[in-house]
Amino acid sequence: MEEEFEFGSPEEQKQSVDRYEEMIRNDDQYFFDSTAFEGIIEYYIDKNDPIKALQVVDYAINQHPYVTSFLLKKAQLLASIQQFDAALVSLEKAELLEPSEGEIHLIKGSVLASLGSYKEAEDAFLYALSYAENKEDVYYQLSGLYQIQGDYNKAITFLKKSLEMNMENQDALYELAFCYDILDKQEESIVFYSQYIDNEPYSYAAWYNLGNAYHKLTRFEEAIDAYDYAILIKENFASAYFNKGNALVNLDKYSEAILVYKQTFEYEPPNADTYCAMGECYEKLEQMDTARDYYKKAVKLDNTMADAWFGIGVTLDFEERYFESLHFYKKALEIDDENPDYWFAIADARYKLGQIEESEAAYSKVVELNPTDIEAWLDFSSIYFEQKKYQEAIETMSEAIKCNPEAAELYYRLVAYLFANGQYNDALNFLELGLAISPDKHYILFDYLPQLQGNQIIVDIIKKYSSDK
């Protein structure tokens, strides 16, 4: 029979698996050569059944005790089911047979890293480097080890070494981009990928990562150019289309972004992220019915997508359907209750519905989560002011200023509240503080209390600071 099949063919593998399973059913012992065992092991690995694969490995080791590859396979399988100590025992046996086999130390390094024994893992990888025929993978594994320990600069060094040996290592290219991103070294990333592209102009992954680096630096036009090159090289590169769409959104080119997002559907099934992004574009174009349709498509695919639930609420809010919008804002909040934007929207909707106490509570949560949100502080304090709770309004503004001492608009609003509460000297003191920060914004005071335009003392103080400037 064997002559009828090519070496290692699927048919030969299937024949070996059938014979092995027959042996198990019969509780018998058949002999398999090492090639047959390798095929059976791979069959169960492909079936994602490491337990059966391990059983085969044990039979293989029993019949071929001096074949190191079975001991290595056993170690890898044991590691895959978190049995790291047992994996190390198997590797020790392999090392006794072939102490200079680099693959043994490479796997050993990975197992030790999983156990958190980073120094020992590093030693194993460096030992593997001395003997490995393929040093590219060792450099790559070392970079991963340094990433685990937070040493991203060292990780970059070894990723570059790996790429020097194999310029087409896509995983290393993406890992390198990740490290640059973590270190916020986008400029260095751009230099590297630009140089890389000079040598490998048809690397779609390099163009894509270059685009992402430009994107993070808000250089959106250059990002789009890079994404276009990635797409030119790999037409079905859905991620490049998606990120190009995001860059267009950042340039307020919403109609163009929608067309690009739709192109992703030609190469991958529609997903919730893309539907949600399209919904946001239609929302910005004030096409609220269409926006809502896309947000609904997003939550149908992923009902845990908080931004999509929130987007539905925004479209309803735009149409002044505040009670309905509140329902969807709350759905978003159930998923992410630490998002200040969701709390802000709820606070605003409750205010519009006349639910003042609930609105106050929501605004309190907004400024707790995001104390640098100037608009939230202003809106929060104005609720108290409208109810003539001047002291509460003053206290809220005072707290806002503590959190944002350079925000002149907070000082001007506090001046208005202090005047309304009869605290004239305090008001004038804070007026001067506001003018010292930004005299041009004094109009905020008059917008809020127009009657103060006739106050000569205030006018004189403003003139003094305006002339000083």
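Side chains included, hydrogens not; waters and symmetry mates left out as well; all remaining heavy atoms used.
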Under-4.0 Å salt bridge between [X] and [Y]:
X	Y	answer
R219	E187	yes
E11	K14	no
D58	K74	yes
E42	K73	yes

Side chains of [X] and [Y] only: does a donor on one sit below 3.5 Å from an acceptor on the other?
X	Y	result
E221	Y214	no
N246	Y261	yes
E22	Y30	yes
D293	Y275	no
T372	N370	yes
Y139	E164	no
D225	Y227	no

From E280, M305, K300, residue fulfilling side chain to side chain contact (heavy atoms under 4.5 Å, CB included) relative to Y295: E280

Short side-chain to backbone donor-acceptor contact, Y131 and E103, under 3.5 Å: no

Check: Q149 side chain, L145 main-chain N or O, donor-acceptor pair, under 3.5 Å: yes

More than 12 heavy atoms from other groups under 6.0 Å of OH on Y202: no

What do you reckon, are the aromatic ring centroids of [X] and [Y] less than 6.0 Å apart?
X	Y	result
Y204	Y229	no
Y174	F178	no
Y267	Y241	yes

Ring-face cation contact, Y294 with K297, 6.0 Å cut, 45° max: yes

